Visitor: 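Would you mind keeping the following structure in view while I ask a few things?
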4 protein chains.
Amino acid sequence: MAQREVRRQQILDRARDVFAKKGYHAAKIDDVVAAAGVARGTFYLYFHDKRSIFEELVSRFFHRIAIAVSRIDVDQPIAPQITANVSAVLDVFGSDPGMAKIILTDAIGLDVEFDRRLLAFYADIEALLTSSLEEGQQLGIVHPGDKRVLAHFLLGGLKEVLLQLTHAPVPVDKAAVVRDMYAILSRGVLTETPRTRSKTAVKRKSARS
Amino acid sequence: MAQREVRRQQILDRARDVFAKKGYHAAKIDDVVAAAGVARGTFYLYFHDKRSIFEELVSRFFHRIAIAVSRIDVDQPIAPQITANVSAVLDVFGSDPGMAKIILTDAIGLDVEFDRRLLAFYADIEALLTSSLEEGQQLGIVHPGDKRVLAHFLLGGLKEVLLQLTHAPVPVDKAAVVRDMYAILSRGVLTETPRTRSKTAVKRKSARS
Amino acid sequence: MAQREVRRQQILDRARDVFAKKGYHAAKIDDVVAAAGVARGTFYLYFHDKRSIFEELVSRFFHRIAIAVSRIDVDQPIAPQITANVSAVLDVFGSDPGMAKIILTDAIGLDVEFDRRLLAFYADIEALLTSSLEEGQQLGIVHPGDKRVLAHFLLGGLKEVLLQLTHAPVPVDKAAVVRDMYAILSRGVLTETPRTRSKTAVKRKSARS
Amino acid sequence: MAQREVRRQQILDRARDVFAKKGYHAAKIDDVVAAAGVARGTFYLYFHDKRSIFEELVSRFFHRIAIAVSRIDVDQPIAPQITANVSAVLDVFGSDPGMAKIILTDAIGLDVEFDRRLLAFYADIEALLTSSLEEGQQLGIVHPGDKRVLAHFLLGGLKEVLLQLTHAPVPVDKAAVVRDMYAILSRGVLTETPRTRSKTAVKRKSARS
DNA sequence: GATGAATGAGTGTTCATTCAT
DNA sequence: GATGAATGAACACTCATTCAT
């Protein structure tokens, strides 16, 4: 049986709770094993050390995000794709508030190596976003401007909203949040005429290739 | 003479460097006193403990930001005020990249009490922003929508851009960054007709009061 | 069937390899069971604990040495008996370099109880040697002197040479080593006239007393 | 004041006692600090880690031995030089029975790196001895034979006698021990005609060069 | 005031041994 | 018997803080 995986997951889950509650440094291995209801040594049967379980939590969560979002297809209407993605990300964060808190507050500052990986992940997302924006600019559906500044601004805005949502004492109307964010995004970076977009896009696209 | 203050400032400055370079947890008191060129015990003559010097650094920096920004006067043209404020914040962060790094990456996750204060500060800023946005909405110069979501989004976007600017290996064109951010902001949250704003504003304002 | 004994021996053999390679403390039970290809728990089915398997290895090896050497018969020519014994000991050590290494480097310093036993074994050998030397002195074929110092010196010399032989990167000419050691021994402790030994011995003895 | 050195020495001395009594592995830092009457942390103010204090003890002791022995001058009478050296080594060991026990029983098997250094030290001594023996053989005052075997044998014999002396419950007549060892040595490796040695030596020496 | 030696609670990790399956 | 997951005592080492000089 996949007993091993069950145990592993149990420890991961409890560790997530502890990390979320106390933060990486204040979370002690003792807290984790107490929460998981296992002996100290058992922890080390499943994870190499404290940092590695934290890393695993983080990378698993990032993976969930990565598979939740779809690449924007510029030949299809943009708006629903963006809102769907934002909504999906909100769902992932909402489904695991513990990890959300960890990712958004604790994830930086552990050690140089870990930070490097984390920043690399964000850099990937940002690169994705940047290239999408660039494509959008070439298609004329995104306002001009430094695409990296745009990308950072959007990413930062999203992260902060996610953080506040996660911390929110009362449940929030997710759909309204998505709508509001999209409104800023749409007015802020997209040009006025999305209607004629798809045709033009096809043309330009074939022209480019 | 304010010898005491000089010494204190010297330690603060070096501590900032150390915190910026290593992060709060990896920064040891030893590193700080070594950098400051004082004895271990001397540190405790000026600061109660490690956390308190960090807190002081953070709150001083927040203070600098607070005095750098001016409240938006809706009777005056909005755009230059916003860009001036954003520019001022960029200047403050740019003038002290060490503190910028600390604020933007390390400041959360130390301990519950510290986090509370920090979040309170951000909450203040956010409240300011929220009330400005609300006022703007009432004046019809800000698009409708949940003003807290707006506030978080804008704040988050600003923070992320600041972080990237601080980390940027190459110097960036600050004016261009301000322009790009203002463009998003202006198109994203402001309505189309800022021209007629001031009069209407006066009217509505007087109507309200 | 002696299945049990086969298994036991298999573990013993692999444990010896591991102890020889890593030394007692650095050798982990995990290493031993991995080398033996059995489960952790199985080890404890055959041996009470880590120390006891080590003890068994050591005492078995000592036993092999003990049965390899013959007591010196002073009524027979001495030289070939000594060289035969030295050669036999060299053979035993040579046949099991792993145990040789263990005995000669690791065997002391584990814990008080183990050390006591080990020292007791060496004390036995030394007593044997001492009594042989004493007999030899009485027969006049061994130079006078403190027989315990003699015994220790010879034993220590032998041990060191064995150690070096075991560690030697290149194969050594065992016969030559035996010859060289015997030469020192013979010249160093035996008197000049082994041929006429028994008679002369009696004479000298009466002369001395 | 050399307060620091005093403290350091105090810890070294107590550590030596503890290592001698319990052996390296059974000796805990707690035992050392308890014996030294200092706090746990104080230990680490003076020594980098457990191994390094052990290393320092060992290398200091080796240094004491190294400066206690004089190189044999073949143009001078050999016997007194050898006995003086043996006697000096006996004195060093006798003056510090704790270190003697450590060196002679514990020093091997800690870790690969430490063993390497230790064996290198012994290799140096052995090289010294080997070259002395070779010189002696060329001068005709040392019997032929593999000089490394000779060297190991002598060294091993000496080590064992030292160990037994150190462990001896009753005080021993050091002079007698030296005499007995020299007797074996002299008869065992030196040729019969030390009388004509010095002249011949000078001649052969000049002849060689 | 300044110093830096001393402190000791705290923590991650190891590993011999046990025991339910 | 065999297994290997679980255990938890033990230990080296860290570092913020104190205090005698």
Side-chain angles (χ1 to χ4, degrees), chain A residues 1 3-4 6-8 11 25-34 36-53, chain B residues 3-4 7-8 11 24-34 36-54, chain C residues 3-4 7-8 11 24-34 36-54, chain D residues 1 3-4 6-8 11 25-34 36-53:
Chain A
M1 207 195 322
Q3 267 298 32
R4 184 175 169 81
V6 172
R7 189 67 129 179
R8 207 181 141 75
I11 299 175
H25 286 101
K28 308 302 174 192
I29 293 295
D30 263 24
D31 299 326
V32 172
V33 299
V38 299
R40 194 97 46 96
T42 306
F43 174 87
Y44 288 93
L45 239 39
Y46 292 92
F47 303 96
H48 183 257
D49 56 14
K50 184 184 174 184
R51 205 188 81 175
S52 84
I53 192 176
Chain B
Q3 263 300 33
R4 185 176 168 81
R7 186 75 123 177
R8 203 161 190 286
I11 299 175
Y24 181 81
H25 285 101
K28 310 302 176 193
I29 293 295
D30 261 28
D31 299 324
V32 173
V33 299
V38 300
R40 198 116 28 120
T42 307
F43 174 88
Y44 287 91
L45 249 31
Y46 292 92
F47 302 95
H48 183 255
D49 57 15
K50 185 185 175 184
R51 205 189 77 177
S52 81
I53 192 176
F54 187 76
Chain C
Q3 262 300 32
R4 184 174 170 81
R7 186 74 124 175
R8 202 162 190 286
I11 299 175
Y24 181 81
H25 285 101
K28 311 301 176 192
I29 293 294
D30 261 29
D31 299 325
V32 172
V33 299
V38 299
R40 199 114 33 117
T42 307
F43 174 88
Y44 287 92
L45 249 32
Y46 291 92
F47 302 95
H48 184 255
D49 58 15
K50 185 185 176 184
R51 205 187 78 177
S52 81
I53 193 176
F54 188 76
Chain D
M1 209 193 317
Q3 268 298 33
R4 181 172 172 83
V6 172
R7 190 66 131 177
R8 205 181 144 76
I11 298 174
H25 285 101
K28 309 302 174 190
I29 293 295
D30 263 24
D31 299 326
V32 172
V33 299
V38 298
R40 193 97 45 95
T42 306
F43 173 87
Y44 289 93
L45 241 37
Y46 292 92
F47 303 95
H48 183 257
D49 57 14
K50 185 184 174 184
R51 205 187 82 176
S52 84
I53 192 176

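Below, chains carry the letters A, B, ... as their sequence lines are ordered, and counting in each starts from 1. None of the values given here were measured: they were computed from a predicted structure. Scope of the values below: all heavy atoms of this structure, side chains included, with no hydrogens, waters or symmetry mates.
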Visitor: Mind checking whether Y44(B) and I29(B) have side chains closer than 4.5 Å, heavy atoms only?
Guide: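 Result yes, sub-4.5 Å side-chain heavy-atom pair found.
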Visitor: With Watson-Crick and G-U wobble geometry limited to distances under 3.5 Å, how should the secondary structure of DNA chain F be encoded in dot-bracket form, using | for bases paired to another strand and [ ] for crossing pairs?
Guide: .||||||||||||||||||||
Visitor: Side-chain contact test, heavy atoms from C-beta onward, threshold under 4.5 Å: evaluate it for R7(D) versus L45(D) and give yes or no.
Guide: no
Visitor: Mind checking if R7(C) touches a base, just sugar-phosphate, or nothing, with heavy atoms under 4.0 Å?
Guide: sugar-phosphate
Visitor: Assign the ring pair H25(A) / H25(B) to parallel, tilted or perpendicular, where the plane angle (0 to 90°) is split at 30° and 60°.
Guide: parallel
Visitor: Kindly confirm or rule out a cation-pi arrangement of K50(B) over Y24(B), judged by NZ or CZ under 6.0 Å from the six-membered ring centre and within 45° of its axis?
Guide: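 Output yes; distance and angle both within limits.
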Visitor: What contact category does F47(B) fall into here, base, sugar-phosphate, or nothing, at under 4.0 angstrom with non-hydrogen atoms?
Guide: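 Here F47(B) touches no strand at all.
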Visitor: Does the protein touch nucleotides 14-21 of chain F at the base, only the backbone, or not at all? Give it as B, S and - per nucleotide, heavy atoms under 4.0 Å.
Guide: BBSBB---
Visitor: Among I11(D), D49(D), D30(D), find the one that has a side chain to side chain contact (heavy atoms under 4.5 Å, CB included) with F43(D).
Guide: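 In the set I11(D), D49(D), D30(D), the residue that makes a side chain to side chain contact (heavy atoms under 4.5 Å, CB included) with F43(D) is I11(D).
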Visitor: Measure from CZ on F54(C) to C1' on dA16(E) and round the result to the nearest Å.
Guide: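 To the nearest whole Å, that distance equals 16 Å.
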Visitor: Nearest 0.5 Å, what's the OH-CZ distance between Y46(D) and R4(D)?
Guide: 5.5 Å
Visitor: Quick one: is Y46(D) getting a side-chain N or O under 4.0 Å of the dA6(E) phosphate, OP1 or OP2?
Guide: yes
